[in-house]
Amino acid sequence: MNNKVIFSLTGLLAILLFSPAQANMVLSNVILHFEPGKSTRQDIEIENTGDDVMYVQVRPQRVLNPGTENEQREYIADPLEAGLLVTPNKLVVPPRGRKLLRFVDLKPGDGNERVYRVAVTPVVGDLEAQTSGLKILVGYEVLVLAQPSTPYPQLIAERRGQQMFFRNDGNTNVLLREGRQCPSDDTVVEDCTVLGAKRLYPGNEWILELPYDRPLEYHIGIGTRSSVEIWP
């Protein structure tokens, strides 16, 4: 059968089609950070855990106005202009085999932070000779973050009753993750409420509704560095 059903999710692309074979793709990393003074080249390993040859297509895009209502994505036709080279754009991964996908920051020391999304997607081969069955191919989106030459993180956090107001007034993205709030001082960690995660790009704002009028904590990620902040 040639009918295809495609579902797109953030960071995940699932393609369902009819075929008796199976192939599975695993990436060694889905978030890359290019930071000042560090290597301008990074690799991701693509593993084929299935029993069939896997054909992979790579499509890099530049993200404009990230995290806003005006967010847009532009396909990278000229890596030099966009500042990111991803190579190769097509791969053939043998059964139970691995291949490397290379990312190169072509504008290290740029004054502004750059954000990219790179779709890494299995490509369906010729199915005409195949009999009926189910084949699930899973693709990923790699987030690539290139910090400015002088990162200046500045997260503004303001408590408003059972709300937290966050704003990124810096020039580099800030990740809030592993947030939690406990209903009392005696509550064991496992029973505390897990709060949502959010990546704030420069200029982004976020209002978080809190379950309790109690202190809360978050792990704050800036590039590859992380710290814990607690707000009363």
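What's counted below: heavy atoms across the whole structure, side chains too, no hydrogens, waters or symmetry copies.
- The shortest side-chain heavy-atom distance between Q147 and L145 does not fall under the 4.5 Å cut-off.
- Tracing side-chain contacts under 4.5 Å through hydrophobic residues (I, L, V, M, F, W, Y), one never reaches L175 starting from F34; they form parts of separate clusters.
- In this view, N173 and E113, R199 satisfy the side chain to side chain donor-acceptor pair (under 3.5 Å) rule, not counting sequence neighbours.
- Applying the disulfide bond (SG atoms under 2.5 Å apart) definition to pairs two or more places apart or across chains, none involves residues 199-232.
- For Q72, the side chain to side chain donor-acceptor pair (under 3.5 Å) criterion is met by no residue, not counting sequence neighbours.
- Enclosure of atom CZ in F165 by more than 12 non-hydrogen atoms of other residues, nucleotides or ligands within 6.0 angstrom is indicated.
- Pairing each heavy atom of S184 with each of T187, the nearest pair is OG-OG1, 2.8 Å.
- Applying the side chain to side chain donor-acceptor pair (under 3.5 Å) test to pairs two or more places apart or on separate chains, those with a residue in residues 77-96 are D51-R96.
- Atoms NZ and CD, on K198 and E205 in that order, are 11.5 Å from each other to the nearest 0.5 Å.
- Each disulfide bond (SG atoms under 2.5 Å apart) pair with one or both residues in residues 181-232, not counting sequence neighbours, appears once here: C182-C192.
- In the displayed structure, R41 atom CZ is contacted under 6.0 Å by at most 12 heavy atoms of other residues, nucleotides or ligands.
- Counting only distance, with no hydrogens or angles, the side chain of Q42 and the backbone of H33 share a donor-acceptor pair below 3.5 Å.
- Among residues at least two apart or in separate chains, there is no disulfide bond (SG atoms under 2.5 Å apart) pair with a member in residues 26-63.
- With sequence neighbours left out, the side chain to side chain donor-acceptor pair (under 3.5 Å) criterion links Y116 to R114.
- Clustering of Ile, Leu, Val, Met, Phe, Trp and Tyr side chains at separations under 4.5 Å places L208 together with L155, M164, F166, V174, L176, L195, L200, W206, L210, L216, Y218, I220, I222, W231.
- The backbone N or O of N168 lies less than 3.5 Å from no partner atom in the side chain of N204, so there is not a single donor-acceptor pair.
- Contacts of R180 classified as side chain to side chain donor-acceptor pair (under 3.5 Å), with partners at least two apart in sequence or in another chain: E217.
- Residue V104 belongs to a hydrophobic cluster whose other members are L80, L85, L106, with links defined by side-chain heavy atoms closer than 4.5 Å.
- At least one side-chain heavy atom of V53 sits under 4.5 Å from a side-chain heavy atom of P95.
- Cluster partners of V189: none. The rule joins Ile, Leu, Val, Met, Phe, Trp and Tyr whenever side-chain heavy atoms lie under 4.5 Å apart, and it links nothing here.
- At a threshold of 4.5 Å between non-hydrogen side-chain atoms, the residues P232 and R159 do not count as touching.
- Put simply, the side chain of R62 does not reach to within 4.5 Å of the side chain of L84, judged on heavy atoms.
- A disulfide bond (SG atoms under 2.5 Å apart) check over residues 84-114, counting only residues at least two apart or in different chains, returns nothing.
- In this structure, V58 and P88 have side chains that are not in contact, with every pair of non-hydrogen atoms separated by 4.5 Å or more.
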Please walk me through it: do R73 and E141 pass salt bridge (Lys or Arg N to Asp or Glu O under 4.0 Å)?
-> CA-CA 13 Å; R73 300 186 183 189; E141 227 178 32; 2.6 Å; yes
